[in-house]
Enquirer: 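My questions will all concern the structure given below.
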Amino acid sequence: MKKIVLELKDITRNYGDGDQPLQVLKGANFALAQGELTALVAPSGTGKSTLLHIAGLLEHATSGDVFVNGLPCGTMNDDARTAIRRQEIGFVYQFHHLLPEFTALENIMIPQMVAGLTKAEAEKRASQLLDYMRMGHRATHRPAELSGGEQQRVAIARAVANAPVILLADEPTGNLDPETAGYVFDALKALVRQSGLAAIFATHNMELAARMDRRITLEDGKIVER
Ligand code: ADP
Ligand code: MG
């Protein structure tokens with residue numbers, strides 16, 4: 001049995017606290033094993049981003065708990081949650097959020113240096129990751145000098161710079177044309193396979209979803225396996 005790295009238990013999330021809060025998640029349960037690449041496919045507004053933010057410890061659930069490597073994170077203080085998020089979780093958004101004044105290489109070095117690696121160590125790993133994402137030839141370019149697909153490949157490399165165990169991607173190819181989306185996905189899948197990362201990848205692209213290990217959706221605030 002593969003190790004469960006992320007577990008969601010009875011997650012609820014309400015927005016607003018009046019008489020009738022908006023109940024987005026209503027008891028979502030899910031377990032993600034090491035090395036598993038899972039597609040999250042559900043219509044807009046059903047709670048995909050909410051779910052990923054809660055799983056990524058960026059947001060609190062209203063009730064229920066999130067376990068990362070078996071550790072319950074719901075009642076941890078913010079410092080402990082931040083530490084786990086930094087060490088164990090990588091996040092990729094629909095928009096790259098790269099720092100515009102730094103090169104692709106530097107964008108991947110910075111989180112490693114924040115985590116305490118030397119400049120030389122960070123540069124070595126950043127170069128390897130860029131090569132792995134087939135972006136080595138763009139190392140010294142700034143984000144504005146890269147195409148949308150290239151920016152997302154750098155964003156993925158940055159998300160895994162500190163070797164997290166979980167990668168959460170919120171429609172990372174949503175702004176890309178289908179061919180570029182396929183290319184970015186290929187690179188991400190190779191990275192997941194090579195590193196043993198567990199990943200949840202929210203997408204509306206059924207072709208990409210078909211190429212993942214599992215497919216889940218959100219129905220009435222619950223996670224349903226497809
Ligand atoms: P998805 O990512 O599937 O499009 P979201 O998780 O972004 O869905 O949103 C789910 C629902 O929760 C939507 O109805 C959205 O309007 C609502 N929602 C999301 N964030 C907030 C917030 N901060 N405050 C109030 N409502 C929110
Ligand atoms: Mg969303």
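Note that ligands are numbered from 1 as they come in the structure, with each ligand's atoms numbered from 1 the same way. The basis for the numbers below is simple: all heavy atoms, side chains too, and nothing from hydrogens, waters or symmetry mates. Sequential numbering from 1 along the given sequence is applied to the chain's residues.
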Enquirer: Could R193 and D213 be called an ion pair, given the rule that one side-chain N must be under 4.0 Å from one carboxylate O?
Expert: yes
Enquirer: Going by atom types alone, do T12 and T62 pair a side-chain donor with an acceptor below 3.5 Å?
Expert: no
Enquirer: I'd like to know if the side chain of N107 and the backbone of L99 have a donor-acceptor N/O pair within less than 3.5 Å.
Expert: yes
Enquirer: Any chance you could measure T203, atom OG1, to L40, atom CG, to the nearest 0.5 Å?
Expert: 9.5 Å
Enquirer: Please report how many protein N/O/S atoms lie under 2.8 Å from the Mg ion (ligand 2).
Expert: 1
Enquirer: When you measure from the side chain of E145 to the backbone of R142, do you find a donor-acceptor pair of N or O atoms at a distance under 3.5 Å?
Expert: yes
Enquirer: Surrounding CD of E121 (heavy atoms of other residues, nucleotides or ligands, distance under 6.0 Å), is the total greater than 12?
Expert: yes
Enquirer: I'd like to know whether CG of D17 has more than 12 heavy-atom contacts from other residues, nucleotides or ligands below 6.0 angstrom.
Expert: no
Enquirer: Report, one line per pair, each donor and acceptor closer than 3.5 Å where one atom sits in a side chain of residues 45-55; sequence neighbours left out.
Expert:
{"residue": "T46", "atom": "OG1", "partner": "P43", "partner atom": "O", "Å": "2.6"}
{"residue": "K48", "atom": "NZ", "partner": "A42", "partner atom": "O", "Å": "2.9"}
{"residue": "K48", "atom": "NZ", "partner": "P43", "partner atom": "O", "Å": "3.0"}
{"residue": "S49", "atom": "OG", "partner": "D170", "partner atom": "OD1", "Å": "3.4"}
{"residue": "S49", "atom": "OG", "partner": "D170", "partner atom": "OD2", "Å": "2.7"}
{"residue": "T50", "atom": "OG1", "partner": "Y15", "partner atom": "OH", "Å": "3.1"}
{"residue": "H53", "atom": "ND1", "partner": "S49", "partner atom": "O", "Å": "3.4"}
{"residue": "H53", "atom": "ND1", "partner": "E59", "partner atom": "OE2", "Å": "3.4"}

Enquirer: Output a table of donor-acceptor pairs, distance under 3.5 Å, between side-chain atoms of residues 148-159 and any protein atom two or more places apart or on a different chain; print 'none' if there are none.
Expert:
{"residue": "E150", "atom": "OE1", "partner": "S147", "partner atom": "N", "Å": "3.0"}
{"residue": "E150", "atom": "OE2", "partner": "R138", "partner atom": "NE", "Å": "3.3"}
{"residue": "Q151", "atom": "NE2", "partner": "P143", "partner atom": "O", "Å": "2.9"}
{"residue": "Q151", "atom": "NE2", "partner": "L146", "partner atom": "O", "Å": "3.3"}
{"residue": "Q152", "atom": "NE2", "partner": "Y93", "partner atom": "O", "Å": "2.9"}
{"residue": "Q152", "atom": "NE2", "partner": "Q94", "partner atom": "O", "Å": "3.1"}
{"residue": "Q152", "atom": "NE2", "partner": "P172", "partner atom": "O", "Å": "2.6"}
{"residue": "R153", "atom": "NH1", "partner": "M133", "partner atom": "O", "Å": "3.0"}
{"residue": "R153", "atom": "NH1", "partner": "R134", "partner atom": "O", "Å": "3.2"}
{"residue": "R158", "atom": "NH1", "partner": "H97", "partner atom": "O", "Å": "2.9"}
{"residue": "R158", "atom": "NH2", "partner": "H96", "partner atom": "O", "Å": "2.9"}
{"residue": "R158", "atom": "NH2", "partner": "H97", "partner atom": "O", "Å": "3.4"}

Enquirer: Please output the residues near ligand 1 using a strict heavy-atom distance under 4.0 Å, listed in chain and residue-number order.
Expert: Y15, L22, V24, P43, S44, G45, T46, G47, K48, S49, T50
